[in-house]
Colleague: 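Have a look at this one.
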Amino acid sequence: MGGSAPRRVHQPPVETTSFVDRRDELAEGRRLLATARLVTLTGPGGVGKTRLAGRIAARVERAFPDGVRFAHLAGLQDPELVPLAAADALGLHDHSEQPPLDTLVEQLRDRRLLLVLDNCEHLLSACAELAAALLHGTTGVRVLATSRHRLALTEEHLLDVRPLPVPDPDSDLSAAATYPALALFADRAAAVAPGFELTPDNRAAVARLCRRLDGLPLAIELAAVRMRVLGVDQLVARLDDRYRLLTTGSPAVLPRHQTLRAAVDWSHELCTEAEQLVWARASVFAGSFDLEAAEAVCADAAPNLNPAPNLNPAPDQDPDTDGRAAERHGKDERHGKAESEREPEGDREPEGVHPQDVLEAVAGLVDKSVLCREGGPGTARYRLLDTLRHYGLDKLRQRPGEESAARRRQRDWAQEVAAECERRWFGPGQREIVARLRADQDNLRAALEFSLTVPGEARAGLGLAGTLWFYWHACGAPREGRYWLDRALDAHPEPTRERARALWVAGLLAGCPEDLTRGRHRAEDARALARRLGDPAEVAHAEYLLGLMALFGDDLPAALEHYEAAVARNPVDGQLPSLAVLDQVELAASLAFLGHTDRAVQVCEDAHRLCEEHGEEWVRSYVLRVLALAYAERKEWDRAEPHACDALRRKLAVHDVIGIGLTLDLLVVITAARGAHERAAVLLGGADRVWAGIDGNRFGSATYNSARKESETRVRAAVGPVLFDRAYRRGGGLGLTAIVSYALQETGRAVVPGPRRADGGPAPDPVRGDPRLASLTRREREVAELVADGLANQQIADRLVIARRTAEGHVERILGKLGFSNRSQIAAWVSARR
């Protein structure tokens, strides 16, 4: 398993087609963000706000030492999830009982970053509340929002994203290619009709078409797909017919809405019956989805609703291939007429969709630009743009019972995915499981929301929330897990196995001092209910949690007695293997803290062999950490450090932020004991930043914190306050991956992928001498040092008494010379050299 964290969903949308020039809007967006802390891109659906926001964010990224993060809100329905989605996008994993907004502000108070809130229009109040809290409670956070409507805050600066300009079709069109609308049509048309380009013969017709579409990018893209079978003049004539039909309706509909509706209606009517139905049913997906999900949800009757999720599919499994185009066009002709001649379907009831037909329907929708193809964790994924998703929902709701049936299938699919991932969790492929669940995060939310709002479905929702225990706990989503579990427990109070499971999972996610009492009560309630139901597996799970509460509560004798008894019993049928082995891990930890290190090492070695036999990584990381702890208690630092580094590498692979924080604290103790005091100070700063995103009190446990506090006191005394503060700030300026990389590099165990040269090759080892250092001027080295200390460009300019633009130029040249792409890599490189 590699050492990098799985791809998270806080990145900008992947661009799969060329970006048509919006130079003026890009410049204005950058200008506004330089002076304003809240900028909202407004405009109609289909105008390209999300893509423009991604481009603006990419252009200004270097001005934000703590990065740019995207919170995609289109898939959310509950306003309470908005701060949780923002925290997830920012890599914060709060365990506290504070209101989410208060915690978010507290954790971001000293950071300089840009948060992009994408698709705010359906959650305006919640987004406005979030933006206001960040503006008033922090100084270095800026917000870039996209919305069809403004957030209505006094601090808000608006950038109206208008449709692309279109020339007069009857004017001089010799420079037609310079108009973005015409260039967009030509680009998309050439993709389906190779060789197409703007010529003196077709420029007027293309201009007329783009004018009829009001320059809306989405409408232009949908129309361009028709170039597979129609000419430009035919497109104009047929679109004119569609537009006249539409405008005979309500005069209250805005012209641009009419235009987009005409384009979408036309695309819909030219789809096959199966494609129309798949489009409508796929609209219940709140996020992207893969082919297996489409087959489970969009078909009338799937032969097998519980296949193992395809986490490692063949690389060529993708229906987006040109080889099927002729076959699909032939099927259109077999339906009665060629696509260019078919009449609208009207109100005729579409036929059903068989599972084997979903592949062809998905491929057809990709070809027609209805579905966007995206990369995913090992397989192609597909997404409906928000405008087309709402259109599909409208069509679905016109058919009685269809929406609830599709949402139920989507929920059942989510249950099967979660159950299969849980079955596979204690084994190889954990990183792929995490990536899969993160990719489907919005769909899991939609399945939970459906279950908890539709009468008779609450038990299924409770089961789904409990099945995802390993995702909420191991992969850094505790606050959201508690949110769903609390809702589900309230919705389903009946004494069932699902409730017993959910009770101890809710307790497991209680990881801070305020929650310890609540967590213990949850565990006791779970154990009592499981005993009443005669379910020994859930009894064992609840008892694991009770022992953990004793350990975190510093009652070491009680924890030791508890886990001695648990390990002495053989695992019962149905007991989760991860928790069965974690019983051994916590036993070893109790032994180590109490000074019984020989036995702690033996218990760890037995547990490690079991993990190796199953190819397990997450539990093994805890085994390795406790093994390092045992050797540290024996002051065998040379044996402790390799195990701690191995644990840290594995924890990053599944984004176990609590485990990363615990292991960094242990490495501080080890490093300080070995006399590397400045390095220990850097690790202290990095560890504190990690914990600030989880729980600044580190569970409030003296058992876990005492050695680390003693090491900090020793390091401060050894290096002095000035050098300590500088090294500490350096570590605090590193992100999660960067601080893990720093922790691993100097030991010669750097398995986290390091910086790359511009040609893609590996960069030289920053510790053992780097020829790139000589390429930097003296001033550039000064700037690099200040970047590593966490200073933004304006702060660097002030410190060196130079212009901000000069500072920006230095940073850009440093990035180019070192072959890096962001400031965090500069910081990690400088920190390692120091």
Side-chain angles (χ1 to χ4, degrees), residues 6-18 50-51 54 70 72 74-75 188 191-192 221-222 225 228 267 271-272 274-275 277-299 302 304 307-328 353-386 388-389 392 409-410 413-414 416-417 420-421 429 431-444 446:
R7 182 186 184 273
R8 296 176 58 76
V9 293
H10 54 65
Q11 298 174 343
V14 177
E15 294 190 358
T16 56
T17 54
S18 59
T50 296
R51 198 159 186 187
F70 267 72
H72 302 287
R188 303 303 189 259
V192 297
E221 292 189 1
L222 291 173
V225 174
R228 185 186 298 276
S267 289
C271 289
T272 66
E275 289 167 357
L277 201 49
V278 168
W279 179 349
R281 291 173 176 175
S283 66
V284 302
F285 287 111
S288 66
F289 55 92
D290 60 17
L291 183 60
E292 287 183 355
E295 290 172 338
V297 175
C298 300
N304 180 17
N310 192 357
L311 302 177
N312 297 287
D316 60 349
Q317 183 190 30
D318 179 11
D320 184 15
T321 55
D322 294 333
R324 298 188 182 92
E327 179 184 345
R328 285 192 296 274
V353 179
H354 298 290
Q356 60 267 29
D357 294 332
V358 173
L359 169 62
E360 185 174 359
V362 168
L365 292 171
V366 170
D367 283 348
K368 294 176 175 66
S369 292
V370 174
L371 284 178
C372 299
R373 181 189 181 280
E374 299 180 344
T379 185
R381 296 181 68 87
Y382 307 93
R383 181 186 297 275
L384 280 166
L385 294 180
D386 198 45
L388 302 183
R389 184 167 65 87
R409 287 195 298 269
Q410 194 266 349
W413 161 82
E416 295 298 339
V417 168
E420 180 61 25
C421 287
R431 184 180 178 186
E432 289 74 19
I433 290 172
V434 174
R436 169 65 187 269
L437 292 176
R438 287 208 177 278
D440 278 315
Q441 182 170 265
D442 282 338
N443 295 322
L444 294 171

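The basis for the numbers below is simple: all heavy atoms, side chains too, and nothing from hydrogens, waters or symmetry mates.
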Colleague: Do the side chains of Leu291 and Glu295 get nearer than 4.5 Å, heavy atoms only?
Modeller: yes
Colleague: Might you point out which heavy atoms bring Cys421 and Leu437 nearest each other, and give the distance in Å?
Modeller: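 In this case the closest contact between Cys421 and Leu437 is SG-CD2, 4.1 Å.
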Colleague: Closest approach of Ala446 and Ala286, non-hydrogen atoms and distance?
Modeller: CB-CB, 4.0 Å
Colleague: Please report the shortest heavy-atom distance between Glu221 and Ser369, naming the atom on each side.
Modeller: O-OG, 4.3 Å
Colleague: Would you call Glu292 and Val417 a side-chain contact if the rule is heavy atoms closer than 4.5 Å?
Modeller: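 No - every pair of side-chain heavy atoms lies 4.5 Å or more apart.
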Colleague: Specify the closest pair of heavy atoms between Cys298 and Ala282, including all atoms of both residues, with the distance to one decimal.
Modeller: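 The pair with the smallest heavy-atom distance is SG-N, 3.7 Å.
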Colleague: Looking at Asp440 and Arg381, what are the two nearest heavy atoms and their distance?
Modeller: OD1-NH2, 2.6 Å
Colleague: Partners of Ser283 by side-chain contact (heavy atoms from CB on, under 4.5 Å), sequence neighbours excluded?
Modeller: Leu384, Arg389, Leu393, Leu396
Colleague: Please list, chain by chain and in numerical order, all residues satisfying ring pair (Phe, Tyr, Trp, His ring centres under 6.0 Å) with Phe285, sequence neighbours excluded.
Modeller: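 So Phe285 forms a ring pair (Phe, Tyr, Trp, His ring centres under 6.0 Å) with Phe289, Trp413.
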Colleague: Report yes or no: does Gln410 contribute a side-chain atom to a donor-acceptor pair with the main-chain N or O of Asn443 at less than 3.5 Å?
Modeller: yes
Colleague: side-chain contact (heavy atoms from CB on, under 4.5 Å), that's the test. Do Glu275 and Leu371 meet it? Break it down for me.
Modeller: CA-CA 11 Å; Glu275 289 167 357; Leu371 284 178; over 6 Å; no
Colleague: To the nearest 0.5 Å, what is the distance between CZ on Arg51 and CG on Leu385?
Modeller: 10.0 Å
Colleague: Nearest 0.5 Å, please: how far is CG in Asp290 from CZ in Arg436?
Modeller: 4.5 Å
Colleague: Working to the nearest 0.5 Å, report the span between CG of Leu388 and CG of Leu222.
Modeller: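 Reported to 0.5 Å precision, the distance equals 6.0 Å.
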Colleague: List in chain and number order the residues that pass side-chain hydrogen bond (donor to acceptor under 3.5 Å, both in side chains) with Ser267, two or more places apart in sequence or in another chain; answer none if no residue qualifies.
Modeller: none
